[in-house]
Amino acid sequence: MNQTKERFAPWIIFLVALAVYLCFPTRNYYWDGIDFAHTIEISGSLKSLIHPNHLVYNVAGYLIYKAALAAGVEVRALVVLQISNSI
């Protein structure tokens, strides 16, 4: 029984921390986050998302955003970026 607790303890801690992060997203928006979200929403291709200082961030955000839209979830890119940052 003790091994089971030790095995699941990290997952429980992770899920509690994730729940807190998801329940209280930031309300202090910085211009770069708004710009990233805007770029993701207006982008027509992955090539236009390459940013010299954030090579993966826009592309990953775009893919998650498009997956959410394909799943029927009507959400803005800013919210997708907030949730992905929380995870």
Side-chain angles (χ1 to χ4, degrees):
M1 185 59 121
N2 214 5
Q3 287 179 340
T4 304
K5 288 181 182 179
E6 289 178 10
R7 195 171 79 188
F8 288 114
W11 287 105
I12 293 170
I13 293 169
F14 168 75
L15 292 174
V16 169
L18 179 62
V20 170
Y21 270 88
L22 292 176
C23 287
F24 301 103
T26 185
R27 296 289 181 228
N28 295 329
Y29 301 117
Y30 294 97
W31 65 270
D32 59 343
I34 300 296
D35 184 51
F36 292 147
H38 178 69
T39 301
I40 287 170
E41 287 183 357
I42 66 169
S43 176
S45 68
L46 288 175
K47 186 177 180 182
S48 64
L49 294 169
I50 303 299
H51 187 278
N53 296 327
H54 302 281
L55 296 174
V56 178
Y57 190 69
N58 281 350
V59 175
Y62 176 81
L63 294 174
I64 298 168
Y65 174 68
K66 288 298 183 179
L69 293 179
V73 180
E74 293 186 28
V75 66
R76 300 292 306 259
L78 184 63
V79 174
V80 170
L81 292 175
Q82 284 180 315
I83 292 171
S84 64
N85 285 337
S86 294
I87 294 171

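- Residues Leu18 and Ser86 come closest through the heavy atom pair CD1-O, 3.9 Å.
- Neither Leu78 nor Leu22 shares a network with the other; the hydrophobic side chains, linked directly or stepwise wherever heavy atoms of I, L, V, M, F, W or Y lie under 4.5 Å apart, form separate groups for each.
- Atom CD in Gln82 sits 12.0 Å away from atom CZ in Arg76 (nearest 0.5 Å).
- Placement of Val79 and Phe36 within a single hydrophobic cluster is found when ILVMFWY residues are connected by side-chain heavy-atom separations under 4.5 Å, directly or transitively.
- Once rounded to the nearest 0.5 Å, the distance linking NZ of Lys66 with CG of Leu63 reads 10.5 Å.
- Side-chain contact between Ile40 and Leu81 is present, with heavy atoms from C-beta onward closer than 4.5 Å.
- At a threshold of 4.5 Å between non-hydrogen side-chain atoms, the residues Asn85 and Tyr57 count as touching.
- Nearest approach of Ser48 to Ser43, heavy atoms of both residues: OG-OG, 2.8 Å.
- Cluster membership for Leu15 and Ile83, using ILVMFWY side-chain heavy atoms within less than 4.5 angstrom, is shared.
- Both Ile64 and Leu55 belong to a common hydrophobic cluster when Ile, Leu, Val, Met, Phe, Trp and Tyr are linked at side-chain heavy-atom distances under 4.5 angstrom.
- Residue Val73 is grouped with residue Ile87 when hydrophobic side chains (ILVMFWY) are merged at heavy-atom distances under 4.5 angstrom, including chains of intermediate members.
- Taking 4.5 Å as the limit, every side-chain heavy atom of Ile50 sits out of range of all side-chain heavy atoms of Asn58.
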